[in-house]
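Everything quoted here is computed from the prediction, not taken from an experiment. Hydrogens, waters and symmetry mates play no part in the numbers below; they use all other heavy atoms, side chains included. Numbers here are sequence positions counted from 1. Counting starts at 1 for both ligands and their atoms, in listed order.
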Amino acid sequence: MALWGGRFSQEADQRFKQFNDSLRFDFRLAQQDIFGSVAWSKALVTVGVLSQDEQAQLEQALNELSEEVTANPQSILQSDAEDIHSWVESKLIAKVGDLGKKLHTGRSRNDQVATDLKLWCKEEVIHLRQAIVELQKALVITAEQNQNSVMPGYTHLQRAQPVTFAHWCLAYNEMLARDESRLADALKRLDISPLGCGALAGTAYDIDREQLAGWLGFASATNNSLDSVSDRDHVLELLSSAAIGMVHLSRFAEDLIFFNSGEAGFIELSDKVTSGSSLMPQKKNPDALELIRGKCGRVQGALTGMMMTLKGLPLAYNKDMQEDKEGLFDAIDTWSDCLHMATLVLDGLQIRRPRCEEAAKQGYANATELADYLVAKGVPFREAHHIVGEVVVCAIEQGKAIEELPLSELQMFNSKIMIDVYDILSLQSCLDKRLAKGGVSQKQVAYAIVKAKEVLNMDK
Ligand code: ARG
């Protein structure tokens with residue numbers, strides 16, 4: 001039976017009921033709804049609606065229900081209840097009879113659903129932060145093992161300057177650290193309880209909402225009842241965090257897909273995260289990474305969808321807001337799966353060092369070094385840039401690297417070039433010179449690894 005039958009004389013059309021019901025997705029809020037109901041029953045004691053004894057009976061029945069849900073969460077789906085709040089209430093009434101009908105006093109599904117969803121978000125933030133940290137740790141370990149793996153760094157997908165695989169790993173570690181801090185920040189604004197705001201104007205029972213918030217594990221209670229039942233900023237903030245986090249994972253995936261390509265051949269992905277072709281026996285496809293890259297799209301879609309759903313909604317609650325859950329659940333599940341999958345991809349990834357080094361030497365990645373060399377000899381940088389451009393053209397014509405040109409030939413471009421130029425043009429020298437904070441020199445990278453391990457508590 002619906003929660004609101006009295007006002008109606010006709011049954012709802014089955015097609016409308018199916019369209020309107022949310023149990024098929026909000027069943028995931030069962031534990032939160034039960035937990036919130038226990039706290040609400042305690043609040044009702046403080047205002048004399050329930051006796052201690054009645055509250056104890058309700059709490060016991062709710063705890064039993066919680067155990068049943070833990071044992072078989074899917075069983076909820078067999079019910080034709082409208083939503084998870086109706087389901088919990090009907091189960092409670094089945095267990096304790098009329099007493100169960102008292103629980104909804106002073107409460108609305110509007111403050112209830114807002115509370116349940118915030119409780120769910122808080123738990124997910126914990127899981128997501130753990131998953132991010134796991135991936136960060138995997139990146140730092142991979143970095144540590146590859147401090148000497150030189151490879152080309154790119155701009156415009158053209159070989160630009162040599163970097164190390166370690167430095168590449170640590171770049172993603174930085175992005176993930178920001179993703180983690182975005183969640184920590186979102187948590188501060190999300191950790192505020194809407195329970196006790198009723199349908200929109202506040203509850204008519206003189207409940208201590210701060211105490212109630214404390215029972216629910218929230219830092220405090222919200223300030224305005226109209227805002228509390230219609231606020232979905234926490235959904236938007238988690239979706240934005242997911243959208244940005246997925247963009248990072250998508251770029252991570254794209255880089256590795258390219259490094260793994262036959263053309264680059266810098267890495268070999270483990271058999272654990274690749275699949276074969278049904279037709280072409282030689283193929284080993286980077287499916288895990290392609291799916292991470294591909295799934296980024298639906299998460300961006302969920303954020304945009306929710307923004308549009310909320311845009312133009314009048315205060316306070318409107319049924320439009322029921323649309324907050326499916327997109328959020330899917331986006332958070334997707335982000336979490338992709339974080340775990342990215343961690344798995346790093347486990348067993350092989351770097352083909354000779355091939356990386358070979359590639360780093362090609363593509364005139366040391367051209368900037370020659371320009372800096374000329375600058376050190378007193379040539380203004382802009383002029384040095386032009387001279388080196390000419391040297392590169394000459395080397396390309398001969399199919400050689402800059403360091404393969406004899407000194408006499410280099411001196412034709414500028415007489416200040418001496419024999420010591422060849423040291424400067426080496427890969428090692430290219431790396432070593434980038435000593436300033438954040439640079440690719442092995443010293444800086446080693447320091448960055450130590451710092452990252454400290455932050456991630458990896459030495460313990
Ligand atoms: N299933 C609803 C939702 O997810 C619960 C709140 C219903 N409130 C109402 N006034 N009909 O938003």
Side-chain angles (χ1 to χ4, degrees), residues 1-8 10-37 39-40 69 73 76-92 101 103-124 190 193-204 216 222 224-236 238-239 302 305-333:
M1 199 187 61
L3 298 176
W4 32 261
R7 164 84 170 71
F8 294 77
Q10 238 191 332
E11 281 286 309
D13 188 293
Q14 267 309 311
R15 289 163 295 185
F16 164 70
K17 180 169 162 51
Q18 269 194 7
F19 186 63
N20 188 49
D21 288 0
S22 53
L23 188 68
R24 68 181 182 282
F25 47 85
D26 68 15
F27 79 99
R28 289 181 66 167
L29 300 176
Q31 296 293 8
Q32 290 75 13
D33 201 75
I34 294 169
F35 181 62
S37 295
W40 186 247
V69 169
I76 302 173
L77 294 171
Q78 280 150 24
S79 157
D80 76 338
E82 180 184 339
D83 55 24
I84 191 61
H85 325 292
S86 324
W87 184 83
V88 169
E89 191 171 313
S90 67
K91 286 283 166 186
L92 192 61
K101 297 181 183 168
L103 179 65
H104 207 56
T105 315
R107 184 174 70 163
S108 158
R109 281 185 293 165
N110 298 351
D111 58 347
Q112 199 176 346
V113 73
T115 306
D116 292 0
L117 196 56
K118 277 189 162 183
L119 288 170
W120 185 87
C121 288
K122 281 180 64 177
E123 279 174 39
E124 288 306 308
L190 139 71
S193 169
L195 197 60
C197 283
L200 74 165
T203 185
L216 289 166
T222 52
N224 179 292
S225 63
L226 280 174
D227 174 51
S228 305
V229 294
S230 62
D231 166 32
R232 292 294 182 272
D233 286 5
H234 43 288
V235 175
L236 293 178
L238 286 201
L239 285 174
M306 195 56 208
M307 288 280 193
M308 292 307 105
T309 294
L310 292 173
K311 173 197 165 295
L313 278 192
L315 288 186
Y317 179 85
N318 302 270
K319 198 58 172 268
D320 314 46
M321 296 169 83
Q322 180 167 288
E323 287 293 305
D324 58 1
K325 289 169 210 63
E326 286 164 288
L328 178 68
F329 292 164
D330 182 70
I332 298 304
D333 290 348

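With respect to Glu124 and Arg28, no salt bridge is recorded, no charged nitrogen being found less than 4.0 Å from a carboxylate O.
The number of heavy atoms from other shown groups lying within 6.0 Å of NZ (Lys311) does not exceed 12. Other residues, nucleotides and ligands contribute over 12 non-hydrogen atoms within 6.0 Å of the NZ atom of Lys17.
By the side-chain hydrogen bond (donor to acceptor under 3.5 Å, both in side chains) test, Ser193 is found to be paired with no residue, residues two or more places apart in sequence or in another chain being considered.
Sorted by chain and number, the heavy-atom contacts of ligand 1 below 4.0 Å come from Ser22, Asp26, Asp83, His85, Arg109, Asn110, Val113, Tyr317, Gln322, Lys325.
Between Leu328 and Leu238, the shortest heavy-atom contact is CD1-CB, 4.2 Å. For Pro194 against Lys118, the heavy-atom pair with the smallest separation is CD-CD, 4.0 Å.
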